Amino acid sequence: MQLVFDLLSWGAWSPDFQTTERWQQWQQPNGDLSPKSDSPALAHIPAMQRRRFSRLTKMMLTAAYQCRPDMHCRSIFASRHGELTRTLGLLKDIAQQQALSPMAFSQSVHNTASGLFGIVNDNTTTSTSIAAGEQTLTQALIEAYAQLAQSPSPVLVVFGDDPVPPVYSEFIHEVELPLAFGLYLAPLNNIAHRAEKQAIAPELHQTMPQRTTLRLSDHPLGLGPLDNQKHQDNISLSELIHHIASAKNIQGKLCHWYWSLEHHD
């Protein structure tokens, strides 16, 4: 199986890398000693509403907004663990025979970020939530590919996770979390969406080329003329985001799939 997309725009947020400029400097010594926010601000959302959001929800919504999508686009929200921290808190309350918080209960479901994205933006278009273990991100892209095959209008894909609570840490080893990553995707070579890419956020084109192609395959990809090519070596999600932010090509294995990112001027 091979999936190919036009990448219209992207977004990513983690406590250490909150802007495009910081993602471009990934792996470089961080000379910025100013205090960093542990959670995105989401200043455009009313305080009474956003104060109820978990950090995971805030990260995923931030990555979604950074993509500058059509606010009524289809969306796919993917998370391996979802609101596990909030769910664990509810389980502890049950064990201690404490009353459950209705707000915590309502936002403990796996589609919390998806639902809130629709509520905040008055978006009643289809939204899908996905959890698929270590392949959560790739399964979200398979879903995106299927939706684009049905209709070519762009699809927003947002992946995000927080570290699991300490009680589960012996079962999970994920060094990149917390992190949220958004992709606004269209079918390959769909000319109708080139103009839309220009309209999404003109300032993005200072750092993104005319066209960016994202390719995934469940078998090794053919070797092409990629810059600094490592072929089928393992890459990290942060490394992929760095190459998107820096408009550099990369090819490698991520989440058990083979990825290729190519920028075209």
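Bear in mind that the values here come from a model prediction, so they are computed numbers and not experimental data. No hydrogens, no waters, no symmetry mates; every other heavy atom, side chains included, goes into these values.
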### Query
Who pairs with Ser79 by side-chain contact (heavy atoms from CB on, under 4.5 Å), at least two apart in sequence or on another chain?
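For Ser79 the side-chain contact (heavy atoms from CB on, under 4.5 Å) partners, ignoring immediate neighbours, are Leu56, His110, Asp161.
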Answer yes if the side chains of [X] and [Y] hold a donor-acceptor pair under 3.5 Å, and no otherwise.
{"X": "Thr112", "Y": "Thr57", "value": "no"}
{"X": "His242", "Y": "Gln27", "value": "no"}
{"X": "Ser127", "Y": "Arg74", "value": "no"}
{"X": "Asn123", "Y": "Thr125", "value": "yes"}
{"X": "Glu143", "Y": "Gln147", "value": "yes"}

### Task
Show your reasoning for whether side chain to side chain donor-acceptor pair (under 3.5 Å) applies to Thr213 and His264.
CA-CA 8 Å; Thr213 303; His264 312 273; 3.2 Å; yes
Would you call [X] and [Y] a side-chain contact if the rule is heavy atoms closer than 4.5 Å?
{"X": "Ser9", "Y": "Cys67", "result": "yes"}
{"X": "Trp23", "Y": "Ser246", "result": "no"}
{"X": "Tyr184", "Y": "Val157", "result": "no"}
{"X": "Phe5", "Y": "Val155", "result": "no"}
{"X": "Phe159", "Y": "Ile130", "result": "no"}
{"X": "Phe181", "Y": "Val158", "result": "no"}
{"X": "Leu261", "Y": "Ile244", "result": "yes"}
{"X": "Trp13", "Y": "Thr19", "result": "no"}

#### Entry: Which atom of Ala140 lies closest to which atom of Ile76, heavy atoms considered
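Between these two residues, the closest heavy atoms are O-CD1, 3.8 Å.
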Closer than 3.5 angstrom, by distance alone: can the side chain of [X] be matched with the main-chain N or O of [Y] as a donor-acceptor pair?
{"X": "Trp259", "Y": "Leu254", "answer": "yes"}
{"X": "Arg50", "Y": "Ile45", "answer": "yes"}
{"X": "Arg215", "Y": "Leu221", "answer": "no"}
{"X": "Glu262", "Y": "Asn249", "answer": "no"}
{"X": "Ser217", "Y": "His219", "answer": "yes"}
{"X": "Gln66", "Y": "Ala12", "answer": "yes"}

### Pairing of Asp6 and Arg211 as salt bridge, 4.0 angstrom limit
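Looking at Arg211 together with Asp6, the answer is yes, because their closest N to O distance falls below 4.0 Å.
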### Message
One thing to verify: whether Asp162 and Arg55 come together as a salt bridge, which I'm taking to mean a side-chain N less than 4.0 angstrom from a carboxylate O.
### Response
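Salt bridge present between Arg55 and Asp162.
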### Query
Say you draw a straight line from CE of Met59 to OG of Ser14; how long is it, rounded to the nearest 0.5 Å?
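Going from the CE atom of Met59 to the OG atom of Ser14 covers 8.5 Å.
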### Query
Between Gln135 and Trp257, does a side chain to side chain donor-acceptor pair (under 3.5 Å) hold up when you go through it step by step?
CA-CA 9 Å; Gln135 296 202 36; Trp257 280 59; 3.0 Å; yes
#### Entry: Sequence neighbours excluded, every pair satisfying ring pair (Phe, Tyr, Trp, His ring centres under 6.0 Å) that has a member inside residues 46-98
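Residue pairs passing ring pair (Phe, Tyr, Trp, His ring centres under 6.0 Å), neighbours aside: His44-Tyr65, Phe77-Phe117.
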